[in-house]
Number of protein chains: 2
Amino acid sequence: MQQQIVFKALSDPTRRRILHLLKRQSMSAGDIAEHFDIAKASLSHHFSILKQADLVRTERQGQRIIYSLNLSVFEDVASLMFDLFSGS
Amino acid sequence: MQQQIVFKALSDPTRRRILHLLKRQSMSAGDIAEHFDIAKASLSHHFSILKQADLVRTERQGQRIIYSLNLSVFEDVASLMFDLFSGS
DNA sequence: TAGATATTTAGAGATTAGTCTAAATATCTA
DNA sequence: TAGATATTTAGACTAATCTCTAAATATCTA
């Protein structure tokens, strides 16, 4: 896991809000966009950063692209954080 | 706790290295500086960001200022992270 | 009090990041 | 195949971030 990429991805409030939304349910890019006041192109930029960090996964459904939280990375992120304060 | 300030503070690799150093032992600004190749003034800037986020505490000892990890904030940071993926 | 040491503050320069609009790509449907 | 819908890519602009040097502040010691 690319530590720096993950931390950078989490450092933006819009991206954290996206993750928060996806926690409840997977959503298309457009559905997510309805929750924000910024241009869809700007959100797409955030999506790509979240994907780079492997925090979200995508799946195409027709015209739509469905974003979902990548729960399998949770353990890694948790241990990243834990490592900041304790352990090695 | 100011969530955004904490995430921003953690998003820089130099600052995470500082935290990592302080995990082992508290150190003066100068001692910390010996581990880095950047100007002391630049490090001082990082210190101030870590302090704002309440991730480190300071104590003056004569001319020196001793930095130490603020462990009491660990629980808060952990739950911040946890909250990104599960729970509410 | 002077000079030395430790640290921070101020201001400038370069890079990175987040946003926008316009255009491109991909898919669906009539 | 055309047109509509969904999303991403490209390019530009602005603001924030990280770094530097120079100067300021605080403390210690001779």
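Below, read A as the first sequence line, B as the second, and so on, with proteins coming before strands; counting in each chain starts at 1. We use all heavy atoms of the structure for the numbers below, so side chains are in, but hydrogens, waters and symmetry mates are not. Bear in mind the structure is a predicted one, so any value in this text is a computation, not a measurement.
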Colleague: Please pick, from D/dT7, D/dA26, C/dC20, the nucleotide with the shortest atom-to-atom distance to any side-chain atom of B/Arg60.
Modeller: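 Given the options D/dT7, D/dA26, C/dC20, the side chain of B/Arg60 is closest to D/dA26.
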Colleague: Got a donor-acceptor contact below 3.5 angstrom from the B/Gln4 side chain to the A/Ser11 backbone?
Modeller: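 At least one qualifying donor-acceptor pair exists.
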Colleague: Within this structure, what is the NZ-to-C1' distance between A/Lys40 and C/dA22, rounded to whole angstrom?
Modeller: 15 Å
Colleague: Could you tell me how far apart B/Gln52 (CD) and D/dA16 (C1') are, to the nearest whole angstrom?
Modeller: 14 Å
Colleague: Between B/Lys23 (side chain only) and A/Asp83 (backbone N and O only), is there a donor and an acceptor less than 3.5 Å apart?
Modeller: yes
Colleague: Okay, side chain of B/Lys8, backbone of B/Ile49: is any donor-acceptor separation there less than 3.5 Å?
Modeller: no
Colleague: Side chain of A/Arg60, backbone of A/Ile65: donor and acceptor closer than 3.5 Å?
Modeller: no
Colleague: Distance from A/Met1 atom CE to A/Asp76 atom CG, nearest 0.5 Å?
Modeller: 4.0 Å
Colleague: Below 4.0 angstrom from OP1 or OP2 of D/dT19, is there any side-chain N or O of B/His46?
Modeller: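 True: B/His46 side-chain N/O within range (under 4.0 Å) of D/dT19 OP1/OP2.
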Colleague: Rounded to whole Å, how long is the line connecting atom CZ of B/Phe47 with atom C1' of C/dT7?
Modeller: 9 Å
Colleague: Provide the closest heavy-atom pair for B/Asp54 versus B/Asn70 in the form atom of the first, atom of the second, distance.
Modeller: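 Of all heavy-atom pairs spanning B/Asp54 and B/Asn70, the closest is O-ND2, 2.9 Å.
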Colleague: Both A/Thr14 and B/Ile65 contact DNA chain C. Taking the nearest nucleotide for each, which residue is further toward the 5' end?
Modeller: B/Ile65
Colleague: D/dT7, OP1 or OP2 - any side-chain N/O from A/Ser44 closer than 4.0 Å?
Modeller: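 Result: no.
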Colleague: Where is the tightest heavy-atom contact between A/Leu43 and A/Ala33, given as atom of each residue plus distance?
Modeller: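 What the structure gives for the nearest pair is CD1-CA, 3.4 Å.
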Colleague: Determine, using ring centers only, whether B/Phe7 and A/Phe7 are less than 6.0 Å apart.
Modeller: no
Colleague: Tell me whether the side-chain N/O atoms of A/Ser42 come closer than 4.0 Å to OP1 or OP2 in C/dC20.
Modeller: yes
Colleague: Whole-Å distance between C/dA6 P and B/Arg64 CZ?
Modeller: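 Going from B/Arg64 (CZ) to C/dA6 (P), I get 5 Å.
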Colleague: Could you tell me whether the phosphate oxygens of D/dT8, OP1 or OP2, come under 4.0 Å of any side-chain nitrogen or oxygen in A/Ser48?
Modeller: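 Looking at the OP1 and OP2 atoms of D/dT8, neither is under 4.0 Å from any side-chain N or O of A/Ser48.
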Colleague: I need the residues from residues 30-39 of chain A with at least one non-hydrogen atom less than 4.0 Å from DNA chain D; give them sorted by number, or say none.
Modeller: A/Gly30
Colleague: Using the rule given for side-chain contact (heavy atoms from CB on, under 4.5 Å), can you reason through A/Gln52 versus A/Gln2, listing the C-alpha separation, both sets of side-chain angles and the distance that settles it, and then say yes or no?
Modeller: CA-CA 9 Å; A/Gln52 260 188 267; A/Gln2 288 292 355; over 6 Å; no
Colleague: Can you tell me the distance, in whole Å, between the CZ atom of A/Arg17 and the P atom of C/dG18?
Modeller: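 Atom CZ in A/Arg17 sits about 15 Å away from atom P in C/dG18.
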Colleague: Is the side chain of A/Arg15 donor-acceptor paired with the backbone N or O of A/His46 at a distance under 3.5 Å, no angle test?
Modeller: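 Looks like no, no N/O pair under 3.5 Å.
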Colleague: Atom NE2 of B/His45 and atom C1' of C/dG11: how far apart are they, to the nearest Å?
Modeller: 13 Å
Colleague: Check the phosphate of C/dA6 against B/Tyr67, side-chain N and O only, distance under 4.0 Å to OP1 or OP2. Yes or no?
Modeller: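 Result: no.
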Colleague: Between B/Ala29 and A/Arg15, just flag the one whose closest nucleotide in DNA chain C comes earlier from the 5' side.
Modeller: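 On the 5' side of the pair lies B/Ala29.
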Colleague: Whole-Å distance between C/dG18 P and A/Leu10 CG?
Modeller: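 Taking CG of A/Leu10 and P of C/dG18, I get 12 Å after rounding.
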Colleague: Just the rounded figure in Å: distance from P of D/dA6 to CD of A/Gln63.
Modeller: 6 Å
Colleague: Reading DNA chain C 5' to 3', how would its secondary structure be written in dot-bracket notation, given Watson-Crick and G-U pairs with both distances under 3.5 Å, brackets [ ] for crossing pairs and | for partners on other strands?
Modeller: ||||||||||||||||||||||||||||||
